[in-house]
Amino acid sequence: PPHPCPQELEEARRWEGARDVRPLDGNVRRWGGLLLPNNPPYNKGAFRFELIFSPSHPLEPPCATLRTPIYHPSVDLEGRVCQPLTTHVHWEPTTRAIQVLQDLLLQLDSPDPQRVLRPDVARELQERPEEFRRRAEEHTRLHAEPRPDP
């Protein structure tokens, strides 16, 4: 059955934007790991993610969820992410797993009020950016995992 090739996992494991990337429960179609945002308000913590590959991979996009709660306009309370790259409209079978993770990290690093799963948070980001940053920092302090040593 189709699944991401071992090279794709190796590539993701070597990338500095994540740590501890590995198949979960020995399932090559379910990866887990820690994302390490570069920018405030999230760069004081690490965020656990799960990447699930479709049985029809790579014809269908994988689905990324965050297992660590995050205060972000594009991530809902269940950890679902509004990630245009992995929508059927934009998905290309040539897209590699690492590109999905890089895109996800970029999105965490630059919250976009246009990509909205939490309208209240998006509105706050637009209308009261200072308040948004303060809340997101506090939320990160309370919920995110500690950053692993480099």
Side-chain angles (χ1 to χ4, degrees), residues 1-119 121-122 125 132-133 135-150:
H3 49 71
C5 61
Q7 288 90 326
E8 286 199 79
L9 184 59
E10 268 317 298
E11 203 172 32
R13 295 178 78 122
R14 282 197 306 269
W15 174 51
E16 70 286 350
R19 285 278 186 294
D20 189 30
V21 180
R22 60 196 156 78
L24 297 174
D25 309 321
N27 180 348
V28 287
R29 276 209 222 113
R30 240 184 99 215
W31 294 4
L34 278 176
L35 278 176
L36 308 177
N38 298 298
N39 298 342
Y42 308 111
N43 62 347
K44 294 274 194 291
F47 296 83
R48 201 157 283 287
F49 72 86
E50 212 165 287
L51 192 60
I52 310 267
F53 297 89
S54 148
S56 356
H57 181 83
L59 300 178
E60 287 189 14
C63 173
T65 46
L66 285 186
R67 293 284 170 233
T68 307
I70 189 170
Y71 190 79
H72 195 290
S74 311
V75 186
D76 74 9
L77 296 170
E78 304 289 300
R80 285 184 293 250
V81 185
C82 169
Q83 195 176 12
L85 177 68
T86 58
T87 55
H88 287 278
V89 192
H90 294 112
W91 179 250
E92 299 287 337
T94 50
T95 308
R96 301 178 70 76
I98 190 169
Q99 292 170 283
V100 175
L101 295 176
Q102 287 167 335
D103 178 73
L104 178 58
L105 188 67
L106 190 64
Q107 201 164 318
L108 294 186
D109 270 336
S110 38
D112 179 351
Q114 302 310 308
R115 297 177 172 185
V116 178
L117 286 178
R118 295 181 64 185
V121 177
L125 171 60
F132 164 80
R133 192 166 301 117
R135 275 198 194 174
E137 271 172 7
E138 175 67 359
H139 197 278
T140 299
R141 203 175 60 71
L142 292 172
H143 299 282
E145 299 200 18
R147 299 277 283 203
D149 294 327

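Side chains included, hydrogens not; waters and symmetry mates left out as well; all remaining heavy atoms used. Along the sequence shown, residues are numbered consecutively beginning with 1.
N38 and N43 share no donor-acceptor pair across their side chains, judged by distance under 3.5 Å alone. Looking at D103 and Q83, their side chains do bring a donor and an acceptor atom within 3.5 Å of each other.
Counting all heavy atoms, side chain and backbone alike, C82 lies closest to L117 at N-CD1, 3.4 Å. For L108 against P37, the heavy-atom pair with the smallest separation is CD1-CG, 4.4 Å. Between A46 and R147, the closest heavy-atom pair is N-CD, 4.1 Å. Looking at every heavy atom in both residues, P69 comes nearest to H143 through O-CB, 3.9 Å. H88 and P61 get closest at one heavy-atom pair: CE1-CD, 3.6 Å. Taking all atoms of both residues into account, the shortest heavy-atom contact from I52 to E50 is CD1-OE2, 3.5 Å.
No donor-acceptor distance shorter than 3.5 angstrom exists from the side chain of T68 to the backbone of A144, with no hydrogens or angles considered. The backbone N or O of A97 lies less than 3.5 Å from a partner atom in the side chain of E8, making a donor-acceptor pair. Looking only at distances, a side-chain donor or acceptor of D76 sits under 3.5 Å from a matching main-chain atom of E78. In this structure, the side chain of E60 does not engage the main chain of H57 through any donor-acceptor pair within 3.5 Å. T95 places a side-chain N or O within 3.5 Å of a backbone atom of E92 that can act as its donor or acceptor partner.
With contacts defined as side-chain heavy-atom distances shorter than 4.5 Å, the pair L105/W15 qualifies. P23 is not listed as a side-chain neighbour of R30, based on a closest heavy-atom distance of 4.5 Å or more. The shortest side-chain heavy-atom distance between P73 and R115 does not fall under the 4.5 Å cut-off. The shortest distance between side-chain heavy atoms of R118 and V75 does not fall below 4.5 Å. Two residues are said to be in side-chain contact when any heavy atoms from C-beta on lie closer than 4.5 Å; F49 and L101 meet this criterion. When side chains are defined from C-beta on, R80 does not count as touching L66, because their heavy atoms never get closer than 4.5 Å. In this structure, R141 and E137 have side chains that are not in contact, with every pair of non-hydrogen atoms separated by 4.5 Å or more. Side-chain contact between R19 and R13 is absent, with no heavy atoms from C-beta onward closer than 4.5 Å.
The CG atom of L77 sits 12.0 Å away from the CD1 atom of I70 when rounded to the nearest 0.5 Å. Taking CG of L36 as the start and CD of E145 as the end, the distance is 10.5 Å to the nearest 0.5 Å. For the atom pair CG of L35 and CD of Q107, the computed distance is 11.5 Å after rounding to the nearest 0.5 Å. Atom CD of E10 sits about 11.0 Å away from atom CD1 of I98, to the nearest 0.5 Å. Taking CG of N39 as the start and OG of S110 as the end, the distance is 7.0 Å to the nearest 0.5 Å.
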What's the verdict on side-chain contact (heavy atoms from CB on, under 4.5 Å) for L9 and R22, showing C-alpha distance, side-chain angles and the deciding distance?
-> CA-CA 7 Å; L9 184 59; R22 60 196 156 78; 5.6 Å; no
For the pair F132 and V121, evaluate side-chain contact (heavy atoms from CB on, under 4.5 Å) and give the outcome as yes or no after the intermediate values.
-> CA-CA 7 Å; F132 164 80; V121 177; 3.6 Å; yes
Determine, stepwise, if the pair H90 / T87 fulfils side chain to side chain donor-acceptor pair (under 3.5 Å).
-> CA-CA 6 Å; H90 294 112; T87 55; 3.1 Å; yes
Test log, rule ring-ring contact (aromatic ring centres under 6.0 Å, His included), inputs H72 and Y42 = CA-CA 10 Å; H72 195 290; Y42 308 111; 5.5 Å; yes
Show the numbers, then the answer: is there a side-chain contact (heavy atoms from CB on, under 4.5 Å) between F53 and V28?
-> CA-CA 9 Å; F53 297 89; V28 287; over 6 Å; no
Begin with the C-alpha distance, continue with both residues' side-chain angles, and end with the deciding distance and a verdict on side-chain contact (heavy atoms from CB on, under 4.5 Å) for V100 and W91.
-> CA-CA 10 Å; V100 175; W91 179 250; 3.8 Å; yes
